[in-house]
Amino acid sequence: MRREVATPRELETFFARPAATVAPQLLGSTVGCNGVTVRLTEVEAYAGVDDPASHASRGPTPRAAVMFGPPGRVYVYFVYGAHWAVNLVCHPDGVAGAVLLRAGEIIAGEASARLRRGERPARVQLARGPGNLASALGVTGAMTGSTLWDGPLVWAPASRPGEHQVGPRVGVTGGADAPMRMWLPGEPSVSTYKRSKRARPTT
DNA sequence: GCTCCGATTATCT
DNA sequence: GATAATCGGAGCG
């Protein structure tokens with residue numbers, strides 16, 4: 001009988017690799033929190049100090065410190081005065097990097113998700129976009145630094161690898177050209193946003 | 001259908 | 001004081 005749940009050590013090893021390597025392997029994996037489970041359909045890799053779009057690019061400020069710590073932790077931040085965004089910390093301890101969870105499909109706990117997202121959104125919209133995904137899962141900044149095995153956020157690997165597509169990043173004002181955004185083709189829960197008009201190439 | 005714009009606050013300079 | 005890894009609604013064609 002194959003073991004179903006990876007050990008903490010296995011999980012930490014899994015995340016102790018470059019964000020760009022881990023990111024595509026997160027597609028199809030699941031994240032659970034507050035009674036809601038989501039299957040990830042879109043993610044985006046953020047490297048460390050050399051990535052102008054990463055919060056780590058300005059060094060280990062208080063906010064970004066978690067990204068410099070051990071892998072397999074959660075990094076949650078607040079943007080645009082309105083939304084939370086969830087990241088999973090990658091790279092070995094001491095090297096910054098993370099993967100932003102951009103979108104997912106609700107596979108369990110839709111009722112719980114609607115307590116926070118409301119009855120209005122269509123099912124595929126409940127966790128479409130980073131802010132909505134965090135809202136559906138009830139993630140808040142207080143969860144920053146917690147591990148993916150002790151919760152409150154719990155992660156489980158994909159049952160099998162899937163095809164994925166790669167494209168430019170969304171919504172960033174620097175390094176937007178980097179093909180660091182990855183998603184599962186044909187998934188209606190993938191965010192449809194165009195690149196920000198304020199975006200500019202890396203140079 | 002597509003494009004534009006305001007909301008609202010933690011974080012950094 | 002300025003900025004931001006967003007969202008949803010308004011306006012236009």
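The sequence lines fix the lettering, A, B, ..., with proteins before strands; numbering per chain opens at 1.
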Residues in salt bridge (charged side-chain N to carboxylate O under 4.0 Å, His left out) with A:R117, at least two apart?
none
Any pair with a residue in residues 11-25 of chain A that passes salt bridge (charged side-chain N to carboxylate O under 4.0 Å, His left out), sequence neighbours left out, goes on the list, sorted by first then second residue, please.
A:E12-A:R73
Taking B:dC12, C:dA5, C:dC7 as options, the one with an atom nearest any side-chain atom of A:T61 is B:dC12
Report yes if the ring of A:Y77 lies under 5.5 Å from the six-membered base ring of C:dA5 with planes under 30°, and no otherwise.
no
So which nucleotide from B:dT9, C:dA5, C:dC7 ends up closest to the side chain of A:V172?
C:dA5
Got a donor-acceptor contact below 3.5 angstrom from the A:R123 side chain to the A:I106 backbone?
yes
Looking at A:H55, I'd like to know whether one of its side-chain N or O atoms comes within less than 4.0 Å of OP1 or OP2 on B:dT11.
no
Just by modelled atom types, is the A:L126 backbone N or O under 3.5 Å from a matching donor or acceptor in the A:N132 side chain?
no
Just to be sure I understand the rule, does A:A53 reach a base, reach only the sugar-phosphate, or reach nothing, if contact means heavy atoms closer than 4.0 Å?
base
Just by modelled atom types, is the A:S135 backbone N or O under 3.5 Å from a matching donor or acceptor in the A:R116 side chain?
yes
Ring pair (Phe, Tyr, Trp, His ring centres under 6.0 Å) pairs touching residues 13-61 of chain A, sequence neighbours excluded, are A:F14-A:W155, A:F15-A:W155, A:H55-A:Y77
Tell me whether the side-chain N/O atoms of A:R117 come closer than 4.0 Å to OP1 or OP2 in C:dG8.
yes
Whenever both distances are under 3.5 Å in a Watson-Crick or G-U wobble pair, mark it; put DNA chain C into dot-bracket that way, with [ ] for crossing pairs and | when the partner is on another strand.
||||.|||||||.
Looking at B:dT13, B:dA10, C:dA5, which one has an atom nearest to any side-chain atom of A:R58?
B:dT13
For C:dG8 and A:R120 - does any side-chain N or O of the residue sit under 4.0 Å from the phosphate oxygens OP1/OP2?
no
For the pair A:V86 and A:L133, evaluate side chain to side chain contact (heavy atoms under 4.5 Å, CB included) and give the outcome as yes or no after the intermediate values.
CA-CA 8 Å; A:V86 190; A:L133 175 65; 5.5 Å; no
Filter on ring pair (Phe, Tyr, Trp, His ring centres under 6.0 Å), then keep only pairs touching residues 88-140 of chain A, sequence neighbours left out; what's left?
none
Ignoring the backbone of A:Y80, work out which of C:dT6, B:dC12, B:dA10 is nearest its side chain.
C:dT6
Tell me which residues in residues 134-146 of chain A put a heavy atom below 4.0 Å from DNA chain B, sorted by number, or none.
none
